[in-house]
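What follows is a short report on a single structure.
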Amino acid sequence: MTAKIAYDAVEVGTALPAQSFPVTRATLVQYAGASGDFNPIHWNERFAKEVGLPDVIAHGMFTMAEAIRVVTDWVGDPGAVVEYGVRFTKPVVVPNDEEGALIEVTGKVAAKLDDGTVRVDLTATSGGQKVLGMSRAVVRLA
């Protein structure tokens, strides 16, 4: 695969299509099985509250993975992501109900670099709070 977005077709400030990602307790159990991360803060409400959390929280790496989907869906090639990093600022709290939580992600081209890549800055929120800080990806465009 190659990126479907041309470097010359984007400018600083170009917005990527926003996306929302639902997260339920079932999602967390599935992710735990796939990742091997069975930390009880991600599935046991009693334990999560005992350690000072408001409720069960989503895995940080799960949240990070959902956020980068905005970039990979936009560029059309996950292999075009050259670099990606975030800071975890707030947890995604996942209540034990049918709705769960929602991770909402927006992105924009923040810089055009000289080597045919762009830096995309992402904003990820849940429950009205920013859950990732300094969320940035460098992406090689066509």
Side-chain angles (χ1 to χ4, degrees), residues 1-7 9-113 115-142:
M1 294 178 69
T2 58
K4 67 180 182 181
I5 305 293
Y7 179 81
V10 300
E11 296 182 20
V12 171
T14 298
L16 282 62
Q19 293 190 52
S20 296
F21 304 100
V23 187
T24 64
R25 295 278 178 98
T27 309
L28 299 182
V29 170
Q30 292 168 336
Y31 183 81
S35 69
D37 182 351
F38 294 100
N39 187 323
I41 64 173
H42 303 304
W43 57 269
N44 184 315
E45 186 174 332
R46 179 187 50 80
F47 183 84
K49 288 181 177 182
E50 283 177 0
V51 298
L53 295 168
D55 206 332
V56 165
I57 63 170
H59 302 74
M61 295 303 286
F62 172 81
T63 305
M64 188 177 176
E66 292 292 74
I68 196 65
R69 288 176 56 190
V70 168
V71 175
T72 59
D73 288 354
W74 172 69
V75 76
D77 179 8
V81 176
V82 175
E83 183 180 319
Y84 178 46
V86 306
R87 286 191 180 161
F88 301 105
T89 57
K90 298 274 185 190
V92 175
V93 178
V94 183
N96 190 19
D97 59 21
E98 297 300 316
E99 293 181 24
L102 194 64
I103 301 170
E104 298 176 280
V105 184
T106 60
K108 70 175 181 176
V109 174
K112 288 184 79 169
L113 308 174
D115 60 354
T117 62
V118 296
R119 190 186 87 219
V120 175
D121 289 356
L122 299 167
T123 301
T125 61
S126 183
Q129 294 193 326
K130 193 172 181 181
V131 295
L132 297 176
M134 299 294 292
S135 184
R136 296 178 172 174
V138 175
V139 185
R140 183 162 316 284
L141 299 181

Shortest non-hydrogen pair, Val70 vs Pro17, comes out as CG1-O, 3.6 Å

Looking at residues at least two apart in the chain, or sitting in another chain, which of them share a ring-ring contact (aromatic ring centres under 6.0 Å, His included) with His59? Tyr31, His42

Give a yes or no answer on whether the side chain of Arg140 reaches the backbone of Asp115 with a donor-acceptor pair at less than 3.5 Å. yes

Under 4.5 Å between any side-chain heavy atoms of Val139 and Thr117, yes or no? no

From CG (Asp37) to CG (Leu28), nearest 0.5 Å: 10.0 Å

Test item: Val118 and Val138 side chains (from C-beta on) under 4.5 Å apart, heavy atoms: no

Find the distance between CD1 (Ile41) and CG (Asp55) and round it off to the nearest 0.5 Å. 11.5 Å

Under the rule for salt bridge (Lys or Arg N to Asp or Glu O under 4.0 Å), what residues qualify as partners of Glu45, not counting sequence neighbours? Arg25, Lys49

Using the rule given for side-chain contact (heavy atoms from CB on, under 4.5 Å), can you reason through Val81 versus Val71, listing the C-alpha separation, both sets of side-chain angles and the distance that settles it, and then say yes or no? CA-CA 8 Å; Val81 176; Val71 175; 4.3 Å; yes

Partners passing salt bridge (Lys or Arg N to Asp or Glu O under 4.0 Å) against Arg46 (at least two apart in sequence or in another chain): Glu50

How long is the gap from CG on Leu122 to CG on Leu16, to the nearest 0.5 Å? 7.5 Å

Can you pull the side-chain hydrogen bond (donor to acceptor under 3.5 Å, both in side chains) pairs that have at least one residue in residues 95-112, sequence neighbours excluded? none

I need the Ser135 OG to Lys130 NZ distance, nearest 0.5 Å. 8.5 Å

Working for side-chain contact (heavy atoms from CB on, under 4.5 Å), residues Val92 and Phe62: CA-CA 10 Å; Val92 175; Phe62 172 81; over 6 Å; no

Say you draw a straight line from OG1 of Thr27 to CD1 of Ile103; how long is it, rounded to the nearest 0.5 Å? 9.0 Å

Of the non-hydrogen atoms in Gly60 and Phe88, which two are nearest, and what is the gap between them? O-CE2, 3.1 Å

Quick one: closest heavy-atom pair of Ala110 and Val12, and the distance? O-CG1, 3.6 Å

Just wondering, do Phe47 and Val56 contact through their side chains at under 4.5 Å, heavy atoms? no

Residue pairs fulfilling ring pair (Phe, Tyr, Trp, His ring centres under 6.0 Å) with at least one residue in residues 117-142, sequence neighbours excluded: none

Taking all atoms of both residues into account, what is the closest heavy-atom pair of Val131 and Pro91, and its distance? CG1-O, 4.0 Å

Pairs where residues 71-93 contributes a residue and the test side-chain hydrogen bond (donor to acceptor under 3.5 Å, both in side chains) is met, not counting sequence neighbours: Gln19-Asp73

Nearest-0.5 Å distance that lies between atom CG in Leu132 and atom CD in Glu66: 11.0 Å

Quick one: closest heavy-atom pair of Ala124 and Val105, and the distance? CB-CG2, 4.1 Å

Kindly give the heavy-atom pair with the smallest separation between Pro95 and Ala101, and that separation in Å. CD-N, 4.2 Å

May I ask you to decide if Phe38's main-chain N or O and Trp43's side chain share a donor-acceptor pair within less than 3.5 Å? yes

